[in-house]
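Working notes for the structure below.
Scope of the values below: all heavy atoms of this structure, side chains included, with no hydrogens, waters or symmetry mates.
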Amino acid sequence: MNVNKKTTALDKFKTLLRGTHEPRQYMNGLEFRAIGGLDQMKKEAQEIIDVYQFPLEIFKVDIRVRSISVRELPERQEP
């Protein structure tokens, strides 16, 4: 059985963000651990979100483990 998985903004984002270890599932999103500087990774992540207009948010930054967590924004319901 061949099931086509829908590619999400988070899947596309994951391929664009560099300088991280393999992301892991975290609170309905993904956690990316920095190989280099955390501040630079956070800046690059926000630039990717802005440039590609991905419906994503950085919802947690953990300086202890040098990671950012990103999740998809809920779809807006039209009134």
Side-chain angles (χ1 to χ4, degrees):
M1 176 182 222
N2 186 7
V3 177
N4 291 330
K5 181 185 171 201
K6 180 183 168 193
T7 302
T8 65
L10 200 52
D11 293 328
K12 293 175 186 173
F13 174 82
K14 179 169 61 172
T15 65
L16 295 169
L17 186 61
R18 305 284 181 214
T20 69
H21 294 282
E22 185 66 26
R24 69 176 188 95
Q25 292 290 322
Y26 180 73
M27 294 178 64
N28 295 328
L30 292 177
E31 178 189 55
F32 297 86
R33 291 200 176 182
I35 292 173
L38 178 62
D39 291 335
Q40 182 64 29
M41 184 180 71
K42 181 181 173 193
K43 180 181 171 192
E44 289 175 11
Q46 190 61 56
E47 287 174 358
I48 291 169
I49 291 169
D50 294 342
V51 167
Y52 290 92
Q53 298 180 350
F54 287 144
L56 303 173
E57 67 175 341
I58 297 171
F59 69 94
K60 184 174 180 185
V61 177
D62 189 333
I63 59 173
R64 293 173 297 123
V65 294
R66 295 186 6 231
S67 72
I68 63 169
S69 299
V70 179
R71 65 180 166 209
E72 293 193 35
L73 294 170
E75 292 186 25
R76 294 184 188 176
Q77 299 295 325
E78 296 295 323

Task: Close side-chain approach of Phe54 to Lys12, heavy-atom, < 4.5 Å - done: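 Side-chain contact under 4.5 Å: yes.
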Open item on the list: With heavy-atom distances below 4.5 Å as the criterion, would you say the side chains of Leu10 and Arg71 are in contact?
Closed with: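 They are not in side-chain contact.
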Separation between [atom1] of [X] and [atom2] of [Y], rounded to the nearest 0.5 Å:
{"X": "Leu56", "Y": "Thr8", "atom1": "CG", "atom2": "OG1", "answer": "8.0 Å"}
{"X": "Glu72", "Y": "Glu57", "atom1": "CD", "atom2": "CD", "answer": "10.5 Å"}
{"X": "Arg66", "Y": "Thr20", "atom1": "CZ", "atom2": "OG1", "answer": "11.5 Å"}

Check [X] against [Y] and note the closest heavy-atom contact, atom names and distance.
{"X": "Ile58", "Y": "Ile68", "answer": "CG2-CB, 4.3 Å"}
{"X": "Pro23", "Y": "Lys14", "answer": "CG-CD, 3.4 Å"}
{"X": "Leu38", "Y": "Val61", "answer": "CD2-CG1, 3.8 Å"}
{"X": "Tyr26", "Y": "Ser69", "answer": "CD2-OG, 3.3 Å"}

Transitively linked via ILVMFWY side-chain contacts under 4.5 Å: [X] with [Y]?
{"X": "Ile48", "Y": "Phe59", "result": "no"}
{"X": "Ile49", "Y": "Val51", "result": "yes"}
{"X": "Met27", "Y": "Val70", "result": "no"}
{"X": "Phe32", "Y": "Leu16", "result": "yes"}

Task: Residues Arg33, Glu31: salt bridge by 4.0 Å N-O rule - done: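 Salt bridge flag = yes for Glu31 with Arg33.
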Task: Worked check of side chain to side chain contact (heavy atoms under 4.5 Å, CB included) between Gln25 and Leu30 - done: CA-CA 5 Å; Gln25 292 290 322; Leu30 292 177; 3.3 Å; yes
Task: Over 12 foreign heavy atoms within 6.0 Å of CG, Asp39 - done: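 At most 12 heavy atoms, drawn from other residues, nucleotides or ligands, come within 6.0 Å of this atom.
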